Amino acid sequence: MVKAAILGFGTVGSGVYNVLNTNSELIKKRTGEGIEVKYVLDLREFPGHPVDDILTHDFNDIVNDPEVKVVAEVMGGIKPAYDFTKQCLLAKKSVCTSNKELVAKHGPELIKLAKENDVNYFFEASCGGGIPVIRSLNEALIADEIDEISGILNGTTNYILTRMSREGSLFDDVLKDAQDMGYAERNPEADIEGFDAQRKIAILSSIAFGKTVDHEKVYTEGISKITPSDIEFAKEFGCTVKLLAYSRHRDGKYHAFVAPFMVDRENPLYSVDGVFNAIFVHGNMLGDAMFYGSGAGSLPTASAVAADMAQAVKNEGRTVYNNWQEGSIELSPIDTFEGRFFVRIEKSDKETAKRVFGDQTAFKEIALAGSECAFITEVMSEKDFEEKASKLSGIKSRIRVK
Ligand code: HSE
């Protein structure tokens, strides 16, 4: 049995322990060796729980134990996860993580460090929970030039938007409800303002395009300003509102952003509801592939971490190829991106809007928004849109259209 350690016994850590125990026989059969958890690191005590026997509060017990070959870092955050990860890799232990914050910030350095030490730094669970999209990009799609990734990468916001759409509820009310039910964090900013999806699209794009996409340079808008009126107008246009993460490499230019989008019924993302995630990948030979599944939660995420641990065991002494190589990608500014826009305005602005955006623009009105109307523009650059929009006396909202 290969000895393993789990850093952090929270939602994901306890899930990893559970997966490794529940499926221990089949993991043994498939890896040839099996994985035994020798240590669990956590600051808390777990009296009466079987994990109590292998609990340690001291990271040195793990890093100094030569028997430990693979470590699950499921603590989250940068400190102390970054230091612990580096120390494990330097001690020739593979590290498998769900920590998207750490991967987005220090991924290239940790991948390089793993390579220098003939071990692996795996992070399948950092994007899309249990959906095996990272291994697919690195292995199954290795013969393709990936030029576009788009999808729903955050379960919390998708859950909120789904309920707003079904119930016509206000964003704040659904968020509170989601927090009470444990679906949304008490501090929900990273999810609702799009920063979680921003990190995930940066990680996926870095693998797909081969160099680092700096997550802080990915233009990001969240969903906190989406109103029931937006959702009702979306329905009038045969659409629903989704928080999409998007990246594209075309004509030598790279774009990446996270923002709410109107998605029409023909698009498979339209029916991705609740906490599910879905990721479209477009390759120059492949065409489209879509990955769909459980994007969050203890066991789905732990399933991906445990699979990475099994991969690490199967590849002991050898670093598996990762397409995320050294160097960085310069993203083009969002204002050069072209698309259509949904715009909600006061009815009194309708004639000006027609003049500015063109006579052909089709307007919709709904009872819910008595004094308002909405329209969808032709394709134009973000810059052109902002110029035209500034000629109106004030827009209530604008949402990009997929
Ligand atoms: N907060 C994340 C989400 C968890 O809602 O998708 C999974 O990364």
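Read the numbers this way: they start at 1 and go in the same order the structure lists the ligands and their atoms. Bear in mind the structure is a predicted one, so any value in this text is a computation, not a measurement.
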Inset, instruction - Looking only at non-hydrogen atoms, find the nearest pair between I203 and K100 and report the distance. - result: CD1-O, 3.7 Å

Inset, instruction - Return the orientation label for the F257 and F261 ring planes: parallel under 30°, perpendicular over 60°, tilted otherwise. - result: parallel

Inset, instruction - Take atom CG of L43 as the centre, draw a 6.0 Å sphere, and report whether it contains more than 12 heavy atoms from other residues, nucleotides or ligands. - result: no

Legend entry - For K100, the ligand 1 atoms whose distance to one of its heavy atoms is below 4.0 Å: 2 (C), 4 (C), 7 (C), 8 (O)

Inset, instruction - Just say parallel, tilted or perpendicular for the rings of F363 and F375, cut-offs at 30° and 60°. - result: tilted

Inset, instruction - Give a yes/no verdict on whether any heavy atom in G295 is under 4.0 Å from an atom of ligand 1. - result: yes

Legend entry - Contacting atoms of ligand 1, where contact means under 4.0 angstrom from a heavy atom of G155: 3 (C), 5 (O), 6 (O)

Legend entry - Contacting atoms of ligand 1, where contact means under 4.0 angstrom from a heavy atom of N154: 2 (C), 3 (C), 5 (O), 6 (O)

Inset, instruction - Could you tell me whether ligand 1 has any atom less than 4.0 Å away from a heavy atom of K200? - result: yes

Inset, instruction - Using a strict 4.0 Å threshold on nitrogen-to-oxygen distance, state whether D180 and R186 make a salt bridge. - result: yes

Legend entry - Pair F9 and H49, ring centroids less than 6.0 Å apart: yes

Legend entry - Proximal ligand 1 atoms for T156, defined as those under 4.0 Å from one of its heavy atoms: 1 (N), 3 (C), 5 (O)

Inset, instruction - Go through ligand 1 atom by atom and flag the ones less than 4.0 Å from a non-hydrogen atom of A296. - result: 4 (C), 7 (C)

Legend entry - Numbering as shown, the atoms of ligand 1 that approach D191 to under 4.0 Å (heavy-atom distance): 1 (N), 2 (C), 3 (C), 5 (O)

